[in-house]
Asks: 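Provided herewith is a single structure, encoded as structure tokens, for subsequent inquiry.
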Protein chains: 2
Amino acid sequence: MNTCIRVFADSIQISRCREDLKNKEESFLELADVLNLAGNAVRLKILYLLKQENELCPCDLSDILGMTVPAVSQHLKKLKDAGIVTTKKSGQTIFYSVEEQSQRIISSVLDLFNLPNTIPAL
Amino acid sequence: MNTCIRVFADSIQISRCREDLKNKEESFLELADVLNLAGNAVRLKILYLLKQENELCPCDLSDILGMTVPAVSQHLKKLKDAGIVTTKKSGQTIFYSVEEQSQRIISSVLDLFNLPNTIPAL
DNA sequence: ATAGTATTTAAGCAATTGCTTAAACAAAGG
DNA sequence: CCTTTGTTTAAGCAATTGCTTAAATACTAT
């Protein structure tokens, strides 16, 4: 059987942790969602560029990133569905920018860039 | 043809962005890797727990997280391969903890928790 | 209307993810 | 030695990802 309840397990510690996780379940899912979206090099670059340049259209992004417009558009859709970016129409061009309410978290994520090289295996 | 070079595109802006990205390519890949690993609710919880409790074994984690030991073990392997966590053997028990050199970035990632609810769509 | 430009959507597909179960390893104790 | 305990590895599989190409949509201007 797979009863891996360790002989020397600290059952108080385990229930405390379990309780703690239960209270924060929602937050974990939300944060993981954002990190997962940012955890793709293309999308991370898009977020960086949108923050840096204030706004950009799919066409320019595709040019900058060196990838097809549909590929970029699909990444933008994910970011928009998550409420991380927003759009502004100007003629037939659609400008994407970081949604105001998401600017703090996105800035914080991008600030991780500035940590001294902290990942040994990379 | 798919020549989506916009009529009103700012070609100076585009080359500047392209140049900028080129210089930071490596950093984008590294950061995206870390974010991608943290961008899974189970792994995010594991990192949170390891930081909080200092060290935990796969068995306890499986108990706390309510999932099978192999499932946990496979997540731990990914984190270890990336150099984010490290192990210490004690008898037949293996204790996992956050690798010292990764503690700053992991703490920063977990600090995103404490931002006021910034994700509109979630 | 018609053509051209900017964007999104859809369908297809190889690659990756994250679990499951079963088997293999490793360490300890009877 | 043999069994138990803690852990990892392997194989299988459904679901998801991220691209591709082609088609659809939307707006502009001739």
Side-chain angles (χ1 to χ4, degrees), chain A residues 1-11 14 28-29 32-33 35-46 50 55-82 85-97, chain B residues 1-11 14 28-29 32-33 35-46 50 55-82 85-97:
Chain A
M1 258 298 246
N2 210 349
T3 39
C4 189
I5 308 296
R6 280 196 310 134
V7 178
F8 298 115
D10 179 345
S11 61
I14 289 180
F28 274 111
L29 295 179
D33 265 340
L35 294 176
N36 187 45
L37 284 167
N40 169 285
V42 173
R43 284 192 297 267
L44 191 60
K45 288 176 189 171
I46 289 177
L50 292 184
E55 57 176 26
L56 286 166
C57 65
C59 175
D60 287 350
L61 280 169
S62 99
D63 212 5
I64 295 167
L65 295 167
M67 49 195 297
T68 67
V69 172
V72 169
S73 180
Q74 284 157 20
H75 283 298
L76 288 170
K77 184 179 187 336
K78 289 191 183 185
L79 294 172
K80 193 179 181 193
D81 286 348
V85 304
T86 186
T87 55
K88 195 189 76 190
K89 211 177 223 169
S90 167
Q92 42 183 338
T93 304
I94 294 177
F95 288 102
Y96 281 77
S97 55
Chain B
M1 260 296 245
N2 210 350
T3 40
C4 188
I5 307 296
R6 281 196 308 134
V7 179
F8 298 116
D10 179 345
S11 61
I14 290 179
F28 274 111
L29 296 179
D33 265 341
L35 294 176
N36 187 45
L37 284 168
N40 169 285
V42 173
R43 284 191 297 266
L44 191 60
K45 288 175 189 173
I46 288 177
L50 291 183
E55 59 177 22
L56 286 166
C57 63
C59 176
D60 287 351
L61 281 169
S62 100
D63 211 7
I64 295 167
L65 295 167
M67 49 194 298
T68 67
V69 171
V72 169
S73 181
Q74 283 158 22
H75 283 298
L76 288 170
K77 184 179 187 337
K78 289 191 182 185
L79 294 172
K80 193 178 180 195
D81 286 348
V85 303
T86 187
T87 55
K88 194 190 73 189
K89 211 178 224 168
S90 167
Q92 40 182 342
T93 304
I94 294 176
F95 287 102
Y96 280 78
S97 55

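Residue numbers begin at 1 in each chain, while the letters A, B, ... track the order of the sequences. Values in this document were obtained by computation on a predicted structure and should not be read as measured data.
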Asks: Does any non-hydrogen side-chain atom of S97(A) lie less than 4.5 Å from one of T86(A)?
Replies: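 They are in contact (side-chain heavy atoms under 4.5 Å apart), so the answer is yes.
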Asks: Does the protein touch nucleotides 22-30 of chain C at the base, only the backbone, or not at all? Give it as B, S and - per nucleotide, heavy atoms under 4.0 Å.
Replies: B----BS--
Asks: If I take atom CD1 from residue I94(B) and atom SG from residue C59(B), how far apart are they, to the nearest 0.5 angstrom?
Replies: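 SG of C59(B) is found 12.0 Å from CD1 of I94(B).
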Asks: So, using side-chain hydrogen bond (donor to acceptor under 3.5 Å, both in side chains) as the criterion, who are the partners of T87(A) when residues are at least two apart?
Replies: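 Per chain and number, T87(A) pairs via side-chain hydrogen bond (donor to acceptor under 3.5 Å, both in side chains) with K80(A).
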Asks: Could you tell me the separation between the NZ atom of K77(A) and the C1' atom of dT25(D), rounded to a whole number of Å?
Replies: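 After rounding, the gap between these two atoms is 15 Å.
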Asks: For F28(B), which residues count as a ring pair (Phe, Tyr, Trp, His ring centres under 6.0 Å) partner, sequence neighbours excluded?
Replies: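 With neighbours one apart ignored, the set is Y48(A), F113(A).
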Asks: For dT20(D), take OP1 and OP2 only and decide whether either is under 4.0 Å from a side-chain N or O of T68(A).
Replies: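 Yes.
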Asks: Would you list the atom pairs, donor with acceptor, under 3.5 Å between side chains in residues 70-79 of chain B and any protein atom, with sequence neighbours excluded?
Replies:
unit_1, atom_1, unit_2, atom_2, d
H75(B), ND1, R43(B), NH1, 3.1
K77(B), NZ, D81(B), OD2, 3.0

Asks: Establish, with yes or no, whether the OP1 or OP2 oxygen of dG6(D) is under 4.0 angstrom from a side-chain nitrogen or oxygen of T93(B).
Replies: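 T93(B) to dG6(D) OP1/OP2: no side-chain N or O under 4.0 Å.
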Asks: Checking all strands, does F95(A) fall into the base, sugar-phosphate, or nothing category for heavy-atom contacts under 4.0 angstrom?
Replies: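 F95(A): no heavy atom of the nucleic acid under 4.0 Å.
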Asks: Kindly compute the distance separating CG (N36(B)) from CG (L29(B)), expressed to the nearest 0.5 Å.
Replies: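 It is 12.0 Å, given to the nearest 0.5 Å.
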Asks: Given atom NZ of K88(B) and atom C1' of dG6(D), what is their separation to the nearest angstrom?
Replies: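 My rounded result for the distance is 16 Å.
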Asks: Counting only side-chain heavy atoms from C-beta out, which of dT7(D), dT8(D), dT7(C) sits nearest to Y96(B)?
Replies: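 Among dT7(D), dT8(D), dT7(C), the one nearest the side chain of Y96(B) is dT8(D).
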Asks: How many angstroms lie between CG in D33(A) and CG in N40(B), if you round to the nearest 0.5 Å?
Replies: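 Reported to 0.5 Å precision, the distance equals 10.5 Å.
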Asks: Atom pairs under 3.5 Å, N or O on each side, protein against nucleotides 13-18 of chain C: can you list them with distances?
Replies:
unit_1, atom_1, unit_2, atom_2, d
dG18(C), OP1, N40(B), ND2, 2.7
dG18(C), OP2, R43(B), NH1, 2.9
dG18(C), OP2, R43(B), NH2, 3.4
dG18(C), OP2, K78(B), NZ, 2.9

Asks: Would you mind reading off the distance between D63(A) atom CG and dT7(C) atom P, rounded to a whole angstrom?
Replies: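 Result: 11 Å.
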Asks: Can you name the residues that form a side-chain hydrogen bond (donor to acceptor under 3.5 Å, both in side chains) with K88(A), not counting sequence neighbours?
Replies: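 By the side-chain hydrogen bond (donor to acceptor under 3.5 Å, both in side chains) rule, K88(A) matches E55(A).
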Asks: Closest approach of T93(B) and C57(B), non-hydrogen atoms and distance?
Replies: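 For T93(B) versus C57(B), the nearest heavy atoms are CG2-CB, 3.5 Å.
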Asks: Atom NZ of K80(B) and atom P of dT8(D): how far apart are they, to the nearest Å?
Replies: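 Result: 8 Å.
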